[in-house]
Amino acid sequence: MLIDAHCHLDFSAFDQDRDAVFAAAHTAGVSHFIVPGTTRKRWQQVLALGERSDVSVCLGLHPYFMEQHQRDEDILALEQALYSNPQVAAVGECGIDARFTDSWEPQWRLFDDQLRLAKQYKLPVVVHCVQANDKVSKRLRQLVLPQAGLIHAFSGSIEQAQKFLDGGFVLGLGGAVTYERAQRLRRTVAALPNDGFVLETDSPDMPLSGHQGERNEPQYVARVCRVVATLRNQTEEEVAAHSSANAARLFNLKAFQDS
C-alpha cells in the first residue's frame, strides 16, 4: 500500500476529473492521500476532501502565495480552524522560499507564526523549503517542535538531510528523484535511513522525468517508489512499506498503524 504524502488535490487542475484521478491512483496501489492547505480561501476545499476516508488534510499558509495572505487575520483564522477541526493532521504547507527575496522577512514572520501554532496544538508541520535548508533546519532546532514534521520535496545534500533527521523530521521524495541529472539528491536518497523518508508527488506540480509539462497525479507515486527502490537497492515493496509506516507515524494515520 502506498501513501501520497503530499498532493494538492483541491487545486482547480483537478476540478474536471477529480474522481477519476482518485480512481487511477487506487488502481496504481495508492490507498491514502495527504492534502495540505496553501491559502486561507482554499481551506474549505481542503477540509471537504478530508471528509473522504482515504484523505487526511493539513491547513497552512504557503510562502509562494504571500500576496494573498493577510498575516494577522489569517493566523487568527488558522488558529480557529485548528481548534474547530481536530481531524487536521498537520500545520502546512508553510515554510521559506528563498527565490522570492522581496518577501524574505514576511515569509519568516508567517513561518514562525505557524510553527508556534504547531507547537501549541502539538501537530507536525509540513515545510516548504527552497534554497534555505540550512536556515530552516537551524530555526526548527531552536523551536523544538514536539511532533516534528515533513520537509516536503527535499533536494539537498546528505549533510543537510541529517540535520533535519536529527530533529525527528522525515524527508519528502518526489518527482525530482526521477531525473538522472539530480545526482546529489540521488546519493542522499540512497543514504537515508528507512525511517527518514516518505513518498509524495506534489500533484499537480513537480512532474516526473519524461512527463515535463504535464499535470502530475498521485498515481505516479508508484513510479517514484520504483526509482527510490532502485537507488536504495531495495524492493518496491520494502520502500512502500517504509514510506507508509513513516507517513502513518507522522500524520497519525491509525488505519495504517493498526494494519
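- The aromatic rings of His152 and His6 sit parallel to each other, their planes meeting at less than 30°, with 60° as the upper class boundary.
- Side chain of Gln107 to backbone of Asp97: a donor-acceptor contact under 3.5 angstrom is found.
- Nearest heavy atoms, Pro124 versus Ala118: O-CB, 4.5 Å.
- Among Leu115, Val127, Leu82, the one residue that satisfies the side-chain contact (heavy atoms from CB on, under 4.5 Å) test with Val91 is Leu82.
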> Is there a side-chain hydrogen bond (donor to acceptor under 3.5 Å, both in side chains) between Gln68 and His62 once you walk through the steps?
Replying inline: CA-CA 10 Å; Gln68 298 186 37; His62 194 300; over 6 Å; no
>> With side-chain hydrogen bond (donor to acceptor under 3.5 Å, both in side chains) as the criterion, how do Asp4 and His32 come out once you've worked through the C-alpha distance, each side chain's angles and the decisive distance to 0.1 Å?
In response: CA-CA 6 Å; Asp4 188 343; His32 204 81; over 6 Å; no
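- Residues Tyr83 and Tyr121 place their aromatic rings such that the two centres sit no closer than 6.0 Å.
- Atom OG of residue Ser103 and atom CD1 of residue Ile96 lie 8.5 Å apart, to the nearest 0.5 angstrom.
- Under the 3.5 Å distance criterion, the side-chain polar atoms of Arg186 are matched with a main-chain donor or acceptor of Val177.
- Counting non-hydrogen atoms of neighbouring residues, nucleotides and ligands closer than 6.0 angstrom, the CD atom of Glu73 exceeds 12 such neighbours.
- Clustering of Ile, Leu, Val, Met, Phe, Trp and Tyr by side-chain heavy atoms under 4.5 Å joins Tyr64 with Phe65, Phe100.
- No more than 12 heavy atoms of other residues, nucleotides or ligands shown are found within 6.0 angstrom of CG on Asn233.
- Taking CG of Leu250 as the reference point, atom CG of Leu123 lies at 10.5 Å (rounded to 0.5 Å).
- Test Arg109, Arg40, Lys41 against Asp74 for salt bridge (charged side-chain N to carboxylate O under 4.0 Å, His left out) and you get one pass: Arg40.
- Although no hydrogens or angles enter the test, the distance criterion places no donor-acceptor pair under 3.5 Å between the side chain of Asp195 and the main chain of Val170.
- Counted by atom type alone, His8 and Asp202 present one or more donor-acceptor pairs between their side chains at under 3.5 Å.
- The distance from the CG atom of Leu199 to the CG atom of Leu2 is 6.5 Å, given to the nearest 0.5 Å.
- At distances below 3.5 Å, not a single donor-acceptor pair connects side-chain atoms of Arg42 with backbone N or O atoms of Gly37.
- To the nearest 0.5 Å, atoms CD (Glu93) and CG (Leu150) are separated by 9.0 Å.
- Remark: Arg139 does not engage Asp134 in a salt bridge, criterion side-chain N to carboxylate O under 4.0 Å.
- Between Phe33 and His26, the ring centre distance stays below 6.0 Å.
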> Yes or no on side-chain hydrogen bond (donor to acceptor under 3.5 Å, both in side chains) for Thr39 and His69, after CA distance, side-chain angles and deciding distance?
Replying inline: CA-CA 7 Å; Thr39 62; His69 304 323; over 6 Å; no
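- The pair Arg215-Glu217 meets the salt-bridge criterion, since a charged nitrogen lies less than 4.0 angstrom from a carboxylate oxygen.
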> How far apart are the C-alpha atoms of Phe154 and Cys129, what are their side-chain angles, what is the distance that settles it, and do they pass the side chain to side chain contact (heavy atoms under 4.5 Å, CB included) test?
Replying inline: CA-CA 8 Å; Phe154 182 78; Cys129 182; over 6 Å; no
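- Atom CD of Gln212 has more than 12 heavy atoms from other residues, nucleotides or ligands within 6.0 Å.
- The shortest heavy-atom contact between Gly156 and Thr188 is O-OG1, 3.1 Å.
- Gln44 CD: 12 or fewer foreign heavy atoms inside a 6.0 Å radius.
- Between the CH2 atom in Trp43 and the CG atom in Asn85 there is a gap of 10.5 Å [rounded to 0.5 Å].
- From Gln160, atom CD reaches atom CD1 of Ile151 across 11.5 Å, with rounding to the nearest 0.5 Å.
- There is no side-chain donor-acceptor pair under 3.5 Å between His242 and Arg232.
- For Asn246 against Gly196, the heavy-atom pair with the smallest separation is ND2-N, 3.9 Å.
- With hydrogens and angles ignored, the 3.5 Å screen pairs no side-chain donor or acceptor of Gln114 with any backbone N or O of Gly60.
- In this structure, Ala176 and Leu185 approach most closely via the heavy-atom pair CB-CD2, 3.7 Å.
- Between the side chain of Asn216 and the backbone N or O of Thr201, at least one donor-acceptor pair lies under 3.5 Å.
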> Which is it for Gln147 and Asn252 under the side-chain hydrogen bond (donor to acceptor under 3.5 Å, both in side chains) test, yes or no, and what are the steps along the way?
Replying inline: CA-CA 10 Å; Gln147 299 300 322; Asn252 196 27; over 6 Å; no
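- Closest of all the heavy-atom pairs between Arg141 and Val144 is O-CG2, 3.2 Å.
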